[in-house]
Amino acid sequence: MTPLPRPDRAPEPGQPAVLVRDVDMDFGSGPLAVAGASFALARGRFLTILGPSGSGKTTLLRIIAGFQQPTRGEIRIGGQAVTATAPHRRSIGMVFQKLALFPHMTAAENVAFPLKMRRHDPATIPGKVERYLDLVRLGGLGGRRIHELSGGQQQRVAIARALVFEPELLLLDEPLAALDRKLREEMQLEFRRIQKELGVTTINVTHDQREALVVSDEIIVMDHGRIQQHARPVEMYRLPANPFVAGFVGVSTFLEGRRTATGLDAGGAACAGTPVGAIPEGAPVQGAIRAEQIRIEADPARLAGCDTILPGIVRDTIFEGERLLYLVEAPALGLALQVYHHDPEEFALFDAGAEVSLGWNARDLLIFNRQDGRDGR
Amino acid sequence: MSSFRYPLRWRLMDALERAADLLWPERLSRFTGWLMIAPALLLVGLLVLGLAEMADGSLRTLDRATFLPSEELSLANYETALGSATYWRVFGRSILGATLATALTLALAFPYAYALVRVPGAVTRKALLVVLFLPFFIGQVVRAYGWLIILGNGGMVNEALGLVGIAPQRLLFNFPAVVFGLVQYLLPFAVLMLAPALTAIPAETETAARSLGASWVRTIWHVVLPMARPGLIGAGLVTMTLALTDFATPAMLGGGSQDFIANAIYDQFFRTADQGLGSALALMLVAAGSAIVALVLGLFGAGTLAMGARR
Ligand SMILES: Nc1ncnc2c1ncn2[C@@H]1O[C@H](COP(=O)(O)OP(=O)(O)O)[C@@H](O)[C@H]1O
Ligand SMILES: [Mg+2]
């Protein structure tokens with residue numbers, strides 16, 4: 001097995017629209033909220049900062065917006081150092097977590113507000129307001145008060161208000177978190193459409209890995225204030241840089257063991273796998289395998305071609321509609337694996353207690369050095 | 001063994017509920033709401049009775065020979081009040097004084113309440129609250145006396161002025177002194193009514209306004225003030241009513257020369273013993289106050305006093 005190259009920061013040619021260099025944020029209590037964050041974002045790209053609650057996403061976004069001064073480090077927007085520039089002089093449009101619309105104004109007045117505050121020519125303001133209300137598909141609703149609009153329509157007003165003065169950078173701080181799932185998925189696609197239409201460089205913050213995969217050109221995964229990986233969505237999913245990313249994006253099962261020539265040895269059970277980076281044989285490692293990359297069959301003969309085949313006993317069956325999630329105990333490994341099963345042909349269904357066989361390919365069990373990288377659980 | 005122990009508070013509640021069930025059986029529960037507001041209704045009822053009694057009294061003139069109210073009814077007391085230049089002056093002074101005091105109080109209370117709500121430190125917030133409440137604890141009479149000590153002819157301010165060679169100034173017993181005293185008396189009420197209205201404005205809304213290009217001043221003007229409107233109206237109504245009907249401040253800081261309506265009423269009831277004229281003045285004060293409140297409600301809505309009802 002040749003080791004895969006460690007996925008690196010997604011490089012982009014040309015002058016970056018946003019450059020974050022060595023940013024630390026120390027609130028004085030506890031560990032750094034942001035530690036050594038560095039990344040570059042090319043013009044017109046849609047970046048999502050993904051991480052669990054408390055990982056420092058909002059803090060990093062607020063530093064970029066200028067609401068917070070970093071303890072250390074530098075921010076450049078469009079090539080210019082803005083670390084000491086006030087927020088409203090940074091040409092940034094921001095959509096807030098709770099939208100922060102002005103309830104005493106109509107939708108159109110909300111959208112006109114930044115134009116008036118930025119002293120645009122009053123003659124041009126009505127035209128711009130109308131254009132941006134149309135862009136977010138709110139044409140004709142400009143006269144409505146905020147409380148007369150639905151949740152999704154309020155989102156749209158907030159987007160129009162953040163974009164109408166044509167900022168160089170759009171920042172989104174989990175504005176979709178409070179929406180129900182259907183509306184959230186609709187608005188994700190709207191964000192993507194509007195962003196592509198205007199070509200505005202965008203940084204989105206979320207804890208929802210699905211949203212990050214759906215909307216972004218690139219993703220940064222953060223944990224404990226540190227950037228864990230910066231990559232394109234497919235790369236992030238297929239080649240997580242460490243067990244934390246493997247566990248946070250997608251559903252994975254983790255195996256403990258020692259590195260062998262062909263994969264890892266988990267307490268006597270040989271599992272075929274692919275090391276991420278160079279790992280010496282015998283080193284303690286952690287393996288991660290995605291639930292949808294494990295095959296489950298009643299008859300082991302049907303798993304011919306899999307690099308690893310293990311017997312298992314079904315412990316729980318969760319019907320998710322488009323697929324089944326099995327919790328399968330593998331006695332050889334001494335743990336339960338999460339296995340997705342999508343079977344369009346036979347609609348096979350294993351009940352708890354059923355004896356099954358599990359199989360996977362060496363490509364799909366990623367092996368991480370336990371000495372570096374963070375734990376996946 | 002379960003380690004869960006039924007809390008004492010719950011057992012007390014059970015006992016209370018059993019007792020309540022004996023006194024006020026479940027099937028009367030439809031009337032429980034009425035029972036709860038009965039004491040308040042009783043108080044308001046007494047007040048209305050008193051007003052009716054006053055209305056009756058206001059229609060009877062005082063017989064100067066017997067010092068008894070007349071048997072027959074007439075509007076003579078109202079004629080006396082409306083025909084007197086003195087009462088018009090007192091009335092005008094009350095309205096002007098109350099309006100000025102309200103405007104100044106709101107102007108001072110708004111920044112104070114804003115600071116109270118937005119300061120980051122809990123210690124600073126507590127300090128601001130204590131400073132606000134200190135005059136409350138002292139009471140109106142002692143406070144007014146304090147002003148006499150500070151502003152009187154031989155007071156601290158005049159002594160300080162004397163040190164730099166300025167002749168003693170008459171700082172008390174004039175209209176500005178009364179307005180000043182009213183503002184100081186009303187400020188805590190206004191701040192306490194404004195603070196919840198400002199708390200209801202998310203800090204993020206202000207951050208948003210700033211990020212959209214509004215300066216600090218414009219954020220206050222275009223966002224905070226309009227959003228605080230219900231609080232300003234509520235505080236304004238309470239302040240205005242308290243100022244218009246105040247007795248102690250004009251009496252003590254006005255020194256008899258700056259009477260408000262309440263002082264004039266007091267004189268009729270307790271000095272001249274002309275109950276009829278006093279009652280007429282009192283009813284006219286109630287009418288004026290109600291008219292002002294109705295005007296504000298009609299123009300601006302009920303503000304925070306609407307308690308979340310749709311306007
Ligand atoms: N103003 C602040 N003062 C002190 N600590 C803060 C402040 N803002 C955030 N933090 C801390 O910084 C860490 C990261 O917070 P945040 O950026 O809000 O995370 P996220 O947005 O990823 O949930 C948390 O531990 C949080 O408690
Ligand atoms: Mg956050």
Side-chain angles (χ1 to χ4, degrees), chain A residues 27-28 58 61-62 64-68 85-106 109-120 125 132 145-148 154 157-167 169-175 178, chain B residues 106 110 113-114 117-125 194 196-236 296-297 299-311:
Chain A
F27 282 115
T58 297
L61 201 71
R62 288 175 62 87
I64 296 170
F67 299 132
Q68 202 103 64
T85 310
H88 60 285
R89 299 190 192 284
R90 289 191 184 193
S91 188
I92 287 177
M94 183 149 173
V95 180
F96 291 82
Q97 190 154 6
K98 294 189 182 104
L99 300 188
L101 292 169
F102 306 129
H104 58 290
M105 299 182 195
T106 63
E109 284 165 354
N110 266 279
V111 178
F113 184 84
L115 297 175
K116 179 162 166 48
M117 292 304 125
R118 287 165 188 268
R119 300 178 206 279
H120 285 225
I125 290 182
Y132 277 84
R145 291 277 174 147
I146 296 309
H147 65 82
E148 293 168 340
Q154 294 183 6
V157 176
I159 301 167
R161 187 181 71 173
L163 287 172
V164 67
F165 57 98
E166 290 165 10
L169 180 60
L170 176 65
L171 302 181
L172 311 167
D173 185 8
E174 304 209 38
Chain B
L106 289 184
F110 182 83
Y114 185 82
V117 169
R118 289 283 189 254
V119 285
V123 178
T124 325
R125 182 170 303 122
L194 275 175
L198 289 174
T199 311
I201 303 175
E204 205 174 58
T205 311
E206 284 173 58
T207 312
R210 302 277 283 132
S211 82
L212 292 167
S215 62
W216 186 75
V217 177
R218 291 172 127 211
T219 301
I220 296 285
W221 181 252
H222 287 286
V223 176
V224 182
L225 271 177
M227 286 179 75
R229 207 179 91 141
L232 285 168
I233 295 167
V296 171
L297 290 183
L299 285 180
F300 306 111
T304 42
L305 301 180
M307 307 283 174
R310 282 226 160 252
R311 265 151 288 154

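Labels below follow one simple rule: chain letters A, B, ... track the order of the sequence lines, proteins then strands, and each chain is numbered from 1.
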In terms of heavy-atom contacts, A:Leu101 and B:Thr205 come closest through O-CG2, 4.1 Å
Closest non-hydrogen contact found for B:Glu204 with A:Lys98 is OE1-N, 3.2 Å
Review point. Under 4.5 Å between any side-chain heavy atoms of B:Ser211 and A:Phe96, yes or no?
Key: yes
In terms of heavy-atom pairs under 4.5 Å with chain B, the winner among A:His88, A:Met117, A:Arg119 is A:Met117
Residue set satisfying ring pair (Phe, Tyr, Trp, His ring centres under 6.0 Å) with A:Tyr132, at least two apart, ordered chain then number -> none
Given A:Ala100, A:Pro103, A:Gly93, the one with more heavy-atom pairs under 4.5 angstrom with chain B than any other is A:Ala100
Rounding to 0.5 Å, atoms CE (A:Met94) and CG (B:Leu212) come to a distance of 10.5 Å
Within residues 215-223 of chain B, the residues sitting under 4.5 Å from chain A by heavy atom, in sequence order, are B:Arg218, B:His222, B:Val223
